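Bear in mind that the values here come from a model prediction, so they are computed numbers and not experimental data.
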Amino acid sequence: MEEKIFGLLGRKLGHSWSVPIHKALGCGSYKLIELEPEDLGPFLAQENIGGLNVTIPYKRDVMPYCDVIDEGAQAIGSVNTLVRKADGKLYGYNTDIYGFMYMAHRAGISFDKKKVMVLGSGGASLTVQAAARREGAREVVVISRTGADNYGNLERHDDTEILVNATPVGMWPDLGSQPVDLKRLPNLEAVLDLIYNPTRTDLLLQAEKMGLRRAGGLSMLVNQAVVAEERFFDRSVSESETERILSELQRDRANLVLVGMPGCGKTTVGMELARIAKRPFVDLDDEIVRLAGKSIPEIFRKHGEPAFRALERKVLADVCDKNGQIIATGGGAILRKDNRTVMRRTGRVYFLRRDLDQLAVIGRPLSVKGTMKEMYHFRLPLYTEVSDISVDNSATPEEAAQKIWGDFCKNSGNEYLIRL
């Protein structure tokens, strides 16, 4: 018998985390399927399709190829799940709506009697609009690039209370962007971003800074996959599977980033943490030395601090672009705002604290004893701003590493709760 095809259908899927989710649910043959628009019809005509998820840009394009479209998906106008059933027909469903509502409810966000602004007008936007109306929103406004309601006149709807990003702006690898400045919407209470890679987009980081309730798209992705698996195999999946897989994904893929004063023990604690967690360890200063071909004191002496900071910025961005690492940063890496953002997009950040008189200063260009206290008081607000939690390192490195790992394992699945 010909093997059935299971996978995610889209055009560019390098960002996707769907394969490990479906494999965790027992679908071992699940794979990524990248197609150009002209290949969509011939592919969907195959009789050995088992079950497919559909993502950008095909959530509406697949509908004409369906023999049967579920009533809910028909009402939404978007299909994200396809199943070839025993009768040979291709059935279309929308499981995104279940995932989206799970995402919102999990973060304690209610649409009842709220004004909702949805960024984007594609298939994902249709799902969000349907969910918001189903949940009792008093008004739903759709923002597109060229419509009557667009990014140039957001202020027409400055009474918006819930913002939902249903565009790919801010998604890997275009990490340095966000669709709107939240300050333009003074009555906002909550922000939902359907993007899950990175787990904390710049939009969500701004929402966090403003004290807004918020959630990223990973919980939506996992829950819609659970519902899709039920459609694929006509079976029931326990509700607890969503939380189990979500926690595992966060734990496996998030970086642990250590910040703190020069000489506070980031490298030593980081190496111990890497041993405990069985993860790769990256020392940012070592990476800089390797790339520059000279020591850090030599970089400072020959090129000055600005050149060093520029190099540090590049190396940090490259390192944080990867997943599942222990990263020890240099003491001054937090000085640049863009560095602080880079750390928080893909990682949980730990501020390693140690008394000033215990800090090592030998071989550190800026750690002169006479200026250490002033440096600490200047940098303390920045360490506090960037970190999710602070950890004392006045005892042993092993003790500090155990504290960090314990916190990470406990909280890695609750990214939306951080500093709520």
Checking [X] side chain against [Y] main chain: does a donor-acceptor pair fall under 3.5 Å?
{"X": "E241", "Y": "S238", "value": "no"}
{"X": "R379", "Y": "G331", "value": "yes"}
{"X": "R214", "Y": "L212", "value": "yes"}
{"X": "E161", "Y": "K115", "value": "yes"}
{"X": "T329", "Y": "L258", "value": "yes"}
{"X": "D286", "Y": "D283", "value": "no"}
{"X": "N323", "Y": "A254", "value": "no"}
{"X": "T160", "Y": "H157", "value": "yes"}
{"X": "N223", "Y": "S219", "value": "no"}
{"X": "E135", "Y": "A132", "value": "no"}

Between atom [atom1] of [X] and atom [atom2] of [Y], what is the distance when rounded to the nearest 0.5 Å?
{"X": "N165", "Y": "I143", "atom1": "CG", "atom2": "CD1", "value": "12.0 Å"}
{"X": "I21", "Y": "C27", "atom1": "CD1", "atom2": "SG", "value": "12.5 Å"}
{"X": "L382", "Y": "N339", "atom1": "CG", "atom2": "CG", "value": "11.0 Å"}
{"X": "R231", "Y": "T95", "atom1": "CZ", "atom2": "OG1", "value": "7.5 Å"}
{"X": "S240", "Y": "I245", "atom1": "OG", "atom2": "CD1", "value": "9.0 Å"}
{"X": "L185", "Y": "I162", "atom1": "CG", "atom2": "CD1", "value": "12.5 Å"}

Charged N to carboxylate O below 4.0 Å: is that the case for [X] and [Y]?
{"X": "R213", "Y": "E189", "value": "no"}
{"X": "R156", "Y": "D149", "value": "yes"}
{"X": "E139", "Y": "K114", "value": "no"}
{"X": "R336", "Y": "E312", "value": "no"}
{"X": "R340", "Y": "E385", "value": "yes"}
{"X": "D407", "Y": "K403", "value": "no"}
{"X": "D202", "Y": "R344", "value": "no"}
{"X": "D87", "Y": "K85", "value": "no"}
{"X": "E47", "Y": "R84", "value": "no"}

Sub-4.5 Å side-chain heavy-atom contact between [X] and [Y]:
{"X": "F43", "Y": "I33", "answer": "yes"}
{"X": "T55", "Y": "N80", "answer": "no"}
{"X": "L44", "Y": "L82", "answer": "yes"}
{"X": "Y30", "Y": "S18", "answer": "yes"}
{"X": "V68", "Y": "L90", "answer": "no"}
{"X": "I326", "Y": "V282", "answer": "no"}
{"X": "K4", "Y": "I49", "answer": "no"}
{"X": "K266", "Y": "M261", "answer": "no"}

Test salt bridge (Lys or Arg N to Asp or Glu O under 4.0 Å) applied to D112 and R138, step by step: CA-CA 7 Å; D112 189 40; R138 77 170 190 275; over 6 Å; no
N255: which of Q325, M343, R345, R348 passes side-chain contact (heavy atoms from CB on, under 4.5 Å):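 The passing option is Q325.
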Among side-chain atoms of [X] and [Y], is any donor-acceptor pair under 3.5 angstrom?
{"X": "N94", "Y": "T127", "value": "yes"}
{"X": "S177", "Y": "D174", "value": "yes"}
{"X": "Q129", "Y": "S125", "value": "yes"}
{"X": "Q206", "Y": "D181", "value": "yes"}

F233/L25 under side chain to side chain contact (heavy atoms under 4.5 Å, CB included): CA gap, chis, key distance, verdict: CA-CA 11 Å; F233 301 105; L25 287 164; over 6 Å; no
Where do [X] and [Y] come nearest, in terms of heavy atoms and distance?
{"X": "N393", "Y": "A400", "result": "OD1-CB, 3.5 Å"}
{"X": "V257", "Y": "G347", "result": "CG2-CA, 4.5 Å"}
{"X": "A190", "Y": "I109", "result": "CB-CD1, 3.8 Å"}
{"X": "E399", "Y": "A395", "result": "OE1-CB, 3.2 Å"}
{"X": "L126", "Y": "G77", "result": "CD1-O, 3.3 Å"}
{"X": "G28", "Y": "K23", "result": "O-CE, 3.2 Å"}

Stepwise salt bridge (Lys or Arg N to Asp or Glu O under 4.0 Å) check, R200 with D388: CA-CA 13 Å; R200 292 192 280 200; D388 293 297; 3.2 Å; yes
Y383 ring center within less than 6.0 Å of F351 ring center: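 For F351 and Y383, the ring centres are under 6.0 Å apart.
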Plane angle bin for F6 and F232 - parallel if under 30°, tilted between 30 and 60°, otherwise perpendicular: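 Rings of F232 and F6: tilted, as their planes differ by 30° to 60°.
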Does [X], at its [atom1] atom, have more than 12 non-hydrogen atoms belonging to other residues, nucleotides or ligands within less than 6.0 Å?
{"X": "E71", "atom1": "CD", "answer": "no"}
{"X": "M63", "atom1": "CE", "answer": "yes"}
{"X": "R145", "atom1": "CZ", "answer": "no"}

CA sep, side-chain torsions, deciding dist, call: S394, D392, side-chain hydrogen bond (donor to acceptor under 3.5 Å, both in side chains): CA-CA 6 Å; S394 59; D392 180 68; 2.4 Å; yes
Stepwise side chain to side chain contact (heavy atoms under 4.5 Å, CB included) check, V164 with F100: CA-CA 10 Å; V164 184; F100 178 72; 3.9 Å; yes
R11 and E36: CA distance, side-chain angles, deciding distance, salt bridge (Lys or Arg N to Asp or Glu O under 4.0 Å) verdict: CA-CA 6 Å; R11 195 169 187 183; E36 291 301 312; 2.6 Å; yes
Residues I288, I299; criterion side chain to side chain contact (heavy atoms under 4.5 Å, CB included); working and verdict: CA-CA 10 Å; I288 292 170; I299 296 172; 4.0 Å; yes
Worked verdict on L352 versus V259 for side chain to side chain contact (heavy atoms under 4.5 Å, CB included): CA-CA 6 Å; L352 210 57; V259 301; over 6 Å; no
